[in-house]
Every structure is written in structure tokens, then in C-alpha cells.
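Bear in mind that the values here come from a model prediction, so they are computed numbers and not experimental data. In each ligand, atom 1 is the first atom listed, and ligand 1 is the first ligand listed.
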Amino acid sequence: MNVPAIATRGLTKRFPGGQVAVDGVDLTVPGGSVYGFLGPNGSGKTTTIRMLLGLITPTAGTSTLFGDPARAALTRVGALVEGPAFYPWLSGAANLLRLDAANPAADPASARRRAAEALDRVGLTAAAGKRYKAYSLGMRQRLAIASTLLSRRDLLVLDEPTNGLDPQGTREVRNLIKDIAADGTTVFVSSHLLAEVEQMCTHIGVMRAGRLVAQSPTADLGSGAPARVEVETADVTAAARVLTDLGLRDVRQTPGRAGAEIGRTAPEHVSDLLFKAGVPIRGFQVIRPSLEDVFVGLTGEGFDVGS
Ligand SMILES: Nc1ncnc2c1ncn2[C@@H]1O[C@H](COP(=O)(O)OP(=O)(O)O)[C@@H](O)[C@H]1O
Ligand SMILES: [Mg+2]
């Protein structure tokens with residue numbers, strides 16, 4: 001049996017006097033996956049993550065990490081919810097040693113080795129002795145991730161790790177997450193940016209107003225939406241009639257174009273019938289919606305907008 005890295009059932013959080021921030025969320029995060037937890041700002045991602053980690057108590061519902069309550073599994077989990085505070089005048093290495101010393105479970109004798117390994121893992125070995133304040137944004141975020149890697153983790157939970165980073169820093173963090181996942185660590189990463197999640201995640205869950213509105217392997221999400229056939233023609237009426245007679249759904253006519261959901265019908269069959277019906281075909285396309293279209297439909301708003 002494969003125990004999911006994260007499983008929640010009916011997870012709910014109502015803040016005192018407020019609305020429901022998280023509403024009956026059933027998450028299943030398979031072990032070994034890179035799970036993108038996607039949703040617009042205010043959709044309940046951080047609140048969910050805080051409950052997963054046992055930082056706040058759910059109003060209702062349950063949550064387990066590797067089949068255990070959060071408390072029992074925390075030594076296997078590294079988390080970055082709000083970046084840890086780093087001292088600007090200390091080097092990256094010195095900052096990690098300070099954090100490591102604050103962990104009562106860590107053996108002080110091997111602290112230097114742990115810090116060195118974590119820095120190596122995020123590609124900061126060459127900058128280990130450099131002061132934090134001289135780090136680029138990408139280096140700062142990599143150091144934050146290094147702080148979660150001071151001991152061996154089976155699961156890494158990262159809340160919007162690329163927030164505020166420039167494209168270079170974003171690329172650095174994205175590649176680092178891929179490397180960490182390649183080592184067998186499950187990664188649960190939240191984001192309000194679709195493009196980012198699409199590029200690095202094997203699974204995607206979508207939040208909208210506190211509810212999980214979709215959850216599936218990334219590859220299945222895009223193909224779930226209906227593909228459409230679009231015919232460019234001077235005789236839109238005749239083209240639309242052929243599409244309707246074929247039994248295709250959602251037939252639409254616009255100036256110069258007729259289109260419909262193609263369903264399981266072979267495109268060759270459609271073009272053949274159009275030709276036989278004497279429809280003058282200027283253009284013929286099958287359009288498969290992008291993941292972006294799917295998400296706009298699910299969340300009621302665009303991603304990557306105004307961020
Ligand atoms: N401590 C809190 N008290 C009251 N409301 C909160 C608190 N934290 C978050 N919220 C509200 O819960 C909703 C979800 O917030 P959050 O989980 O931070 O969303 P996200 O991380 O997706 O941006 C928002 O409406 C937010 O204002
Ligand atoms: Mg948040």
C-alpha cells in the first residue's frame with residue numbers, strides 16, 4: 001500500500017468572526033509527486049498549509065502526513081511558510097548554523113556538516129561565506145530552502161517560494177525543486193502562477209474561494225477540457241449544418257467561421273464531410289484548450305495577472 005504523503009478529509013477552517021477560509025478540502029498528495037497547490041490570492045492556500053503542518057487547528061476535518069497526524073510526522077517534513085528571518089550581516093553558512101542550533105533534536109557535533117550539505121544541495125557552496133545582505137533574491141530563497149534541508153526530509157512544503165523573485169531567481173528555485181524531487185523527496189508547493197506550476201509539477205490541485213475545485217495529474221488536466229473544431233469558410237451556414245448533422249455539440253457561428261466541440265469524431269471525417277457537402281474550406285483547425293484556459297474556467301479568473 002502506498003500511503004499518501006499528505007491526505008486531508010473535509011479539512012475546514014473558519015476564522016473567528018470571519019468567513020470560511022478553507023471549506024471541506026480533500027487533498028491527496030501521492031508520495032514522490034511534485035504537487036502544485038494552485039489558486040488566486042486569498043483562496044485559502046496558506047491557511048491549508050498551516051493546518052497541514054499543525055500550526056493552526058482545523059475547525060473540522062482531518063489531515064495526515066504519511067498516514068500519521070502532523071505532530072508525529074514533523075521530523076520527516078521541511079516547511080517554508082513565511083521565510084525564516086535571516087541576519088543580514090551573517091553569512092549564509094552562519095545563518096544556517098544558527099537555525100540548526102535552535103533545533104533541539106539536531107546533534108551539535110555534526111552541525112557544520114549538515115549546513116555544508118544543505119548549502120551544497122541548493123548550489124550555494126561558493127557563496128557560503130558571503131553575507132546574506134549581499135545575496136541576490138534567488139540566492140536568498142535558495143538559502144531559505146536550504147534551511148528546510150538541514151536534516152533529511154521525505155516531504156517539503158513550500159508556500160509560494162518564488163513570490164517576489166525576478167525571472168532568474170524563479171528559474172533557480174524551480175530547478176532546485178526539480179532536483180530535490182529527483183532525489184525522491186515529495187514536494188508540495190503553492191503558487192498563484194499557473195505557468196510555474198505547469199512546468200515543474202506532476203500533480204495539480206486548484207483552490208477557489210476555499211474549495212478544492214480540481215485535483216489530478218498535470219497531464220490529465222489539460223486533456224479534460226473539450227477540444228473544438230473550427231472551420232474558416234465563406235459559407236458559415238452550410239458548415240454549421242454539417243457540424244450539426246454530425247451530432248457535434250455546441251455548434252457556433254461567427255463571421256467567417258463555424259465551430260463545435262469535436263468530441264471523439266475524427267477530424268479527417270469532419271473535413272471529408274465538409275468537402276462532400278461542397279463547403280468552401282479556407283481554414284480547418286482542431287483547437288485543444290491550454291491549461292490556462294482550463295484554470296480560468298475553474299477559478300473564474302486569470303492567472304499571472306497583476307502579480
Ligand atoms: N488569521 C486570519 N484571520 C482571519 N482571516 C484570515 C486569517 N488568515 C487568512 N484569513 C483569510 O482567509 C482567506 C484565505 O487566506 P489565505 O489562506 O492566506 O489565502 P492564500 O494563501 O491562498 O492567498 C482570506 O480571505 C484571508 O483574508
Ligand atoms: Mg498565501
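The closest protein non-hydrogen atom to atom 19 (O) of ligand 1 is Gly44 N, 3.1 Å. Looking from atom 5 (N) of ligand 1 to the surrounding protein, the closest heavy atom is Phe15 CD1, 3.3 Å. Summary of contacts: the protein heavy atom closest to atom 25 (O) of ligand 1 is Gln19 NE2, 3.1 Å. Here the heavy atom of the protein found nearest to atom 18 (O) of ligand 1 is Thr46 CB, 3.8 Å. From the protein, the heavy atom lying nearest to atom 17 (O) of ligand 1 is Thr47 OG1, 2.6 Å.
For atom 27 (O) of ligand 1, the nearest protein heavy atom is 4.0 Å or more away.
Here is the list of ligand 1 atoms found below 4.0 Å of a heavy atom in Asn41: 23 (O). With ligand atoms numbered from 1 in the order given, ligand 1 contributes 19 (O), 20 (P), 22 (O) to contacts under 4.0 Å with heavy atoms of Ser43. Interface of Pro40 with ligand 1, defined as ligand atoms under 4.0 Å from a residue heavy atom, comprises 22 (O). In summary, the atoms of ligand 1 found under 4.0 Å from a heavy atom of Lys45, numbered by their order in the structure, are 17 (O), 19 (O), 20 (P), 21 (O), 22 (O), 23 (O).
Side-chain contact between Pro4 and Val29 is absent, with no heavy atoms from C-beta onward closer than 4.5 Å. Counting heavy atoms from C-beta outward, Gln215 and His203 have side chains that stay 4.5 Å or more apart.
Scanning Gly42, Ser190, Ala21 for the heavy atom closest to atom 23 (O) of ligand 1 points to Gly42.
Heavy-atom neighbours of Arg112 CZ from other residues, nucleotides or ligands within 6.0 Å: at or below the threshold of 12. Under a cut-off of 6.0 angstrom, the local environment of CZ in Arg211 is sparse, with at most 12 non-hydrogen atoms contributed by other residues, nucleotides or ligands. Atom CZ of Arg121 is surrounded by more than 12 heavy atoms from other residues, nucleotides or ligands within 6.0 Å.
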**OP:** Please assess Asp245 against Arg241 for the test salt bridge (charged side-chain N to carboxylate O under 4.0 Å, His left out), listing each intermediate value before the final yes or no.
**Re:** CA-CA 6 Å; Asp245 290 349; Arg241 194 180 309 123; 5.9 Å; no
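Cation-pi check for Arg98 over Tyr87 is not met; the charged atom does not lie both under 6.0 angstrom from the ring centroid and within 45 degrees of its normal.
Shown here for Leu149 and Ala118, the closest heavy-atom pair between the two residues is O-CB, 4.1 Å. Taking every heavy atom of both residues into account, Leu119 and Ala128 meet most closely at CD1-CB, 3.7 Å.
Although no hydrogens or angles enter the test, the distance criterion places no donor-acceptor pair under 3.5 Å between the side chain of Arg257 and the main chain of Glu230.
The Mg ion (ligand 2) has Thr46 OG1 as protein N, O or S atoms under 2.8 Å away.
Side-chain contact of Thr162 with Glu196: a donor-acceptor pair under 3.5 Å is present, judged by distance alone.
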